[in-house]
Peer 1: 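Below is one structure. I have some questions about it.
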Number of protein chains: 2
Amino acid sequence: MEYQQAKERFIQTWGTLGAQWGINRTMAQVHALLLISPRSLTTDDVMEELGISRGNANMNLRGLVDWGLVYRDMQKGDRKDYFRAEKDLWVVAKRIAEERKRRELDTVKDQLIQLKNVVGDSEEVREFKKVISDIDNVTGQALQVLSMMTAAADNFLMKTIRKLKS
Amino acid sequence: MEYQQAKERFIQTWGTLGAQWGINRTMAQVHALLLISPRSLTTDDVMEELGISRGNANMNLRGLVDWGLVYRDMQKGDRKDYFRAEKDLWVVAKRIAEERKRRELDTVKDQLIQLKNVVGDSEEVREFKKVISDIDNVTGQALQVLSMMTAAADNFLMKTIRKLKS
DNA sequence: TTAAACTTTCAATAATTTTTGAAAATATAA
DNA sequence: TTATATTTTCAAAAATTATTGAAAGTTTAA
C-alpha cells in the first residue's frame, strides 16, 4: 500500500473512532494527522491536508490542546504557532479517560446524590431508591477499578515495558 | 423532593449520560424510565410518560432490546408487548462495555492491521509505522485489562457481594 | 377467513451539530 | 507608531441526526 493512501485511511479510521468517543470527527482527524507527522504542523498545514476552513482548523486545534492531546510550540524566527501531538499512546488514552470521567461521571454522581432525598414509601419510591443506590455503587466501584488500572499501568507495567524497549 | 420531580430529573440525568455513551438521548431516557419502574411497561406507557411518538418509542425500545439492556415480556391474556429493564447494574455496565468494544475497537484494530503493509522508508513512513504499532499495543493491552476486569468482577467480587447481601 | 389489536417502517420534517469565511482582535517587526 | 502576519470569533449556511405520524405489515381471536 502507498503511504498517501495509508495515511488517508488512517485519518478516516481514527476520525470514526474519535467520533464514538467525545471527540468530534474533525478533531480526531486533526489528531490523527498530527500523530503520524514526524514534525510539528501549522494551522495552514492542517487546513490544506484535511481540506477544512481556517476557523474549523483553529477551533479543533485549540480543542485538542484543551484535551491535553496536542502541544503548541513556537519556532524561532517564525510567528506561526506549530502544533505537535502527544505521541505516547498511554498518555493519550489516560487523558481521554480522565477528561471523559470528569465530564460525565462526576456530574452525574453529584446529581444522583441529590435524588436520594426523594420522599414517600410507595412501591415506586422504594424501587427508585434502590436503583439510585445501585447506580451509585456501580459507578463508585467502577471508578475505583479505573483509577487502580491507570495507577498500575503507570507505575509498573508501562515503565517496565519502556525500559525493556530502550 | 417529590417522587414525580425526582423521577423527571433522573430521566434527564440518565439521558445526558447515555448520550455521551453510544446510546442516544431518547434511548437512555426510555431505559431510565424502565429502570425505575417496578413493573413492565408497554409502548403506550413509554409514549405517554416521555411524550414521544409511537415510531420513536418503538425504535428505541427495540434498540434497547438489541443492546441487551431490556427484555420483551408477554403477559397472558394480553396482546401487547411489555418491556422490562435489566436491573443488575453490573450486567448493564458489562453489556454496554461489550457492545461498544465490539462496535468500535474491534473494527478499528482490523483496519489498522491492514495499514501496516504500507511501503517505503521515508521519515514519514517510519513514523507512520511506529504510531500504528503503538496503537495496536495499547488497544491490545487495554482489551486484555478490560476482559480481566469483567472476568474478575463476574467470578469473584460480584458473586461475593451478592451473597453477602442476600 | 375477517376484524381488531398491535408493531414496524419510512419519507417528510424538525432539531441539533458542525463548518465556513469574513471581520475583529491580537501580536510582532520595522 | 504603522503595517503586516497571524489567530480568534461568530452569525449564517450546510450537514447530520432524531422524530413524527400515517400507512403498511403482522399476529391473534373468533
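Naming: A, B, ... by sequence-line order, numbering from 1 per chain.
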Peer 1: Determine whether B:Gln111 and A:Gln12 make a side-chain contact, defined as any pair of heavy atoms from C-beta on separated by less than 4.5 Å.
Peer 2: no

Peer 1: Provide, to the nearest angstrom, the distance between the CG atom belonging to B:Leu64 and the P atom belonging to C:dT7.
Peer 2: 16 Å

Peer 1: Hey, is the main chain of A:Ile132 close enough, under 3.5 Å, to the side chain of A:Lys116 for a donor-acceptor pair?
Peer 2: no

Peer 1: Looking at the base of C:dA29, is there any donor atom on it, or on the side chain of A:Arg79, that sits under 3.5 Å from an acceptor on the other one?
Peer 2: no

Peer 1: Between atom CG in B:Asp81 and atom P in D:dT26, what is the gap in whole Å?
Peer 2: 15 Å

Peer 1: Whole angstroms only, please: what is the CE-C1' distance between B:Met74 and D:dT27?
Peer 2: 10 Å

Peer 1: Would one find a side-chain N or O of B:Asn58 under 4.0 angstrom from OP1 or OP2 of C:dT7?
Peer 2: no

Peer 1: D:dT19, C:dT18, D:dT6: which one has an atom nearest the side-chain heavy atoms of B:Asn24?
Peer 2: D:dT19

Peer 1: Any idea which of C:dT7, C:dT18, D:dT19 is nearest the B:Arg72 side chain?
Peer 2: C:dT7

Peer 1: Would you please confirm or rule out a distance under 4.0 Å between OP1 or OP2 of C:dT20 and any side-chain N or O of A:Asn56?
Peer 2: yes

Peer 1: Atom CD1 of B:Ile23 and atom P of D:dT17: how far apart are they, to the nearest Å?
Peer 2: 17 Å

Peer 1: Would you please classify the geometry between the B:Tyr3 ring and the A:Phe128 ring as parallel, tilted or perpendicular, with 30° and 60° separating the classes?
Peer 2: perpendicular

Peer 1: Want to settle it: does A:Met27 or A:Gly77 sit nearer the 5' end of DNA chain C, counting the closest nucleotide to each?
Peer 2: A:Met27

Peer 1: For the pair made of CG in A:Leu61 and C1' in C:dT19, what is the distance, rounded to whole Å?
Peer 2: 15 Å

Peer 1: B:Lys76 has an atom NZ; how far is it from atom C1' of D:dA29, in whole Å?
Peer 2: 19 Å

Peer 1: Counting just side-chain N and O atoms, does A:Thr43 come under 4.0 Å of either OP1 or OP2 of D:dT6?
Peer 2: no

Peer 1: To the nearest Å, give me how far apart CE (B:Met59) and C1' (D:dT20) are.
Peer 2: 12 Å

Peer 1: If I take atom NZ in residue B:Lys80 and atom C1' in nucleotide C:dT8, what distance separates them, rounded to the nearest angstrom?
Peer 2: 17 Å

Peer 1: Please confirm whether the shortest side-chain N or O distance from A:Arg62 to OP1 or OP2 of D:dT9 is below 4.0 Å.
Peer 2: yes

Peer 1: How about A:Asp121 and A:Arg126: do any of their side-chain heavy atoms sit closer than 4.5 Å?
Peer 2: yes

Peer 1: If you look at every strand shown and take non-hydrogen atoms under 4.0 Å, does A:Asp44 touch a base, only sugar-phosphate, or nothing?
Peer 2: nothing

Peer 1: Side chain of B:Arg54, heavy atoms from C-beta onward: which of D:dT7, C:dT7, C:dT19 has the nearest atom to it?
Peer 2: C:dT7

Peer 1: Counting only N and O atoms by type, is there a donor-acceptor contact under 3.5 Å from the side chain of B:Thr13 to the main-chain atoms of B:Arg9?
Peer 2: yes

Peer 1: Return the nearest nucleotide to the side chain of B:Asp78; candidates are D:dT19, C:dT19, C:dC6.
Peer 2: C:dC6

